[in-house]
Amino acid sequence: MRIVLIGTGNVATRLGLALHARNAEIIQIFGRSAANASQLAASLQCRYTVSKSEIKTDADLYILAVSDDAIAEVAAMLPKGGDRMILHTAGSVPMGILDPFSSNYGVLYPLQTLSRQKEIDFSNVPVCIEANTPSNLEKLRILAATISEQVVVIDSDQRRNLHLAAVFVCNFVNHLYAIGEASLKEQDLDFNLLRPLILETAEKAMLFSPREVQTGPAVRGNKTVIEKHLQMLEKHPEWKKIYELMSRDILKQSGRLGRGADWETRGL
Ligand SMILES: NC(=O)c1ccc[n+]([C@@H]2O[C@H](COP(=O)([O-])OP(=O)(O)OC[C@H]3O[C@@H](n4cnc5c(N)ncnc54)[C@H](OP(=O)(O)O)[C@@H]3O)[C@@H](O)[C@H]2O)c1
């Protein structure tokens, strides 16, 4: 299967390298930046172009690893006709967005946080696939199975729900790490101090339901500590709002909200 990879960012890089390692035939990279496209093409030992008119017309598969908002625009510039297949890699974009551009299309969504600068063992990455016909789904399943041991068929609706959950457990959690890092920096403390805690929290989530192993002042109903923390956050109003919302939700989930009217009156 001759593949053209569109995009030179995080997913194009990691997916491209995973496919290349499995001897997939990537024949060309298309990117807007010559520097990025040539660098990725060198790693994948293929050609590259930055010109739409030079995108190869004889590929079997075009993988659009581009920003969500660019999917339709980029699909529109691909060669028309033939039975070539187009895929996108987004979590929250319905498969149907590709319908106007080809009679063969689908989605290959890697459910992992991928970064250009971080190597990853793709065989452990769940790959969620969807296609517009059973035969395209089969082709996609075969391709996905070359790079991942966990290939799952899910529809666009399920995928956007998975993506939403992924934003909570990955993107938001990482943002909380960034807040922790910034807050320690203000006190000249090293973020390394928190790293074992981050690791242990993630390991517990592997073994138990996260709700069962929740710790901290909110789940213990420790109002004194919560009040102190909120006072400490006066100079960071956004962090304070996040702290309040999180604490309120933990209190609610643990059944503590409503037991003492003071939680309600103080805004938690
Ligand atoms: N990163 C993840 O963890 C992850 C995981 C699963 C799925 N995804 C999905 O995979 C897709 C790509 O994400 P990413 O993280 O790889 O993004 P990224 O690193 O920001 O890369 C986006 C790529 O799209 C290109 N692009 C943007 N607008 C374009 C346009 N109008 N025409 C042509 N190319 C354009 C960018 O080119 P320039 O470099 O020139 O701007 C870049 O090569 C997204 O749909 C995302 O939702 C991401």
Side-chain angles (χ1 to χ4, degrees), residues 3-20 26 28-44 46-56 59 61-79 86-98 100-101 105-130 140 143-144 147-148 150-152 154-175 177-178:
I3 301 172
V4 170
L5 188 53
I6 316 274
T8 57
N10 299 314
V11 172
T13 302
R14 290 296 139 206
L15 181 60
L17 285 166
L19 287 166
H20 180 65
I26 300 174
Q28 188 184 44
I29 304 292
F30 169 83
R32 294 190 297 190
S33 138
N36 292 344
S38 64
Q39 197 183 352
L40 183 55
S43 310
L44 303 182
C46 67
R47 295 179 175 277
Y48 75 91
T49 183
V50 291
S51 159
K52 293 177 202 175
S53 61
E54 285 176 10
I55 295 177
K56 296 246 180 220
L61 178 65
Y62 294 80
I63 302 179
L64 276 55
V66 296
S67 318
D68 294 14
D69 293 344
I71 291 172
E73 178 193 332
V74 172
M77 72 191 197
L78 294 179
I86 306 179
L87 300 181
H88 77 63
T89 61
S92 282
V93 179
M95 175 177 71
I97 195 171
L98 298 174
F101 310 108
Y105 54 88
V107 178
L108 186 154
Y109 170 57
L111 183 49
Q112 185 52 279
T113 169
L114 301 171
S115 298
R116 271 202 293 197
Q117 57 271 48
K118 166 83 171 57
E119 275 185 36
I120 191 143
D121 178 359
F122 228 92
S123 64
N124 295 325
V125 176
V127 171
C128 307
I129 58 168
E130 184 183 12
L140 195 44
L143 178 75
I147 53 170
S148 168
Q150 229 194 114
V151 179
V152 284
I154 56 167
D155 64 24
S156 293
D157 219 32
Q158 292 170 314
R159 192 175 62 256
R160 82 188 158 94
N161 281 293
L162 256 182
H163 184 225
L164 172 63
V167 168
F168 275 105
V169 306
C170 168
N171 307 138
F172 287 171
V173 168
N174 192 64
H175 180 64
Y177 296 160

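Just so we're clear, the structure is a prediction, and the values are computed from it rather than from any experiment. Ligands are counted one by one from 1 in listed order, and the atoms in each one are counted from 1 as well. Quick note: numbers below take in every heavy atom, side chains included, and nothing from hydrogens, waters or symmetry partners.
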Task: Min heavy-atom dist His163 to ligand 1 below 4.0 Å - done: no
Task: Sub-4.0 Å heavy-atom approach of Ala65 to ligand 1 - done: yes
From the candidates [options], the one that places a heavy atom nearest [atom]:
atom: atom 32 (N) of ligand 1; options: Leu5, Val74, Asn171; value: Val74
atom: atom 5 (C) of ligand 1; options: Arg116, His88, Gln112; value: Gln112
atom: atom 3 (O) of ligand 1; options: Val50, Leu114, Val125, Ile71; value: Leu114

Taking atom types as modelled, find out whether [X] and [Y] have a side-chain donor-acceptor pair closer than 3.5 angstrom.
X: Ser53; Y: Ser51; answer: yes
X: Ser67; Y: Asp69; answer: no
X: Ser156; Y: Glu130; answer: yes

Task: Side chain, backbone, both or neither: the part of Ala90 lying under 4.0 Å from ligand 1 by heavy atom - done: both
TODO: Measure the distance from atom 15 (O) of ligand 1 to every protein heavy atom, then report the residue, atom name and distance (to 0.1 Å) of the closest one.
DONE: Asn10 ND2, 3.2 Å
Can you confirm, on distance only, whether ligand 1 has an N/O atom lying under 3.5 Å from any N/O atom belonging to [X]?
X: Ser33; answer: no
X: Thr8; answer: yes
X: Thr89; answer: yes
X: Val66; answer: yes
X: Val11; answer: yes

Task: Tyr177: partners by ring pair (Phe, Tyr, Trp, His ring centres under 6.0 Å), with sequence neighbours left out - done: none
TODO: State the atoms of ligand 1, each with its element, that fall below the 4.0 Å cut-off from a heavy-atom position in Asp68.
DONE: 44 (C), 45 (O), 46 (C), 47 (O)
TODO: Heavy-atom contacts with Gly7 under 4.0 Å: which atoms of ligand 1 show up? List them by number with element.
DONE: 43 (O)
Task: SG-CG distance between Cys46 and Leu5, expressed to the nearest 0.5 angstrom - done: 7.5 Å
Open item on the list: Do Leu87 and Leu140 have side chains that approach each other closer than 4.5 Å (heavy atoms only, starting at C-beta)?
Closed with: yes
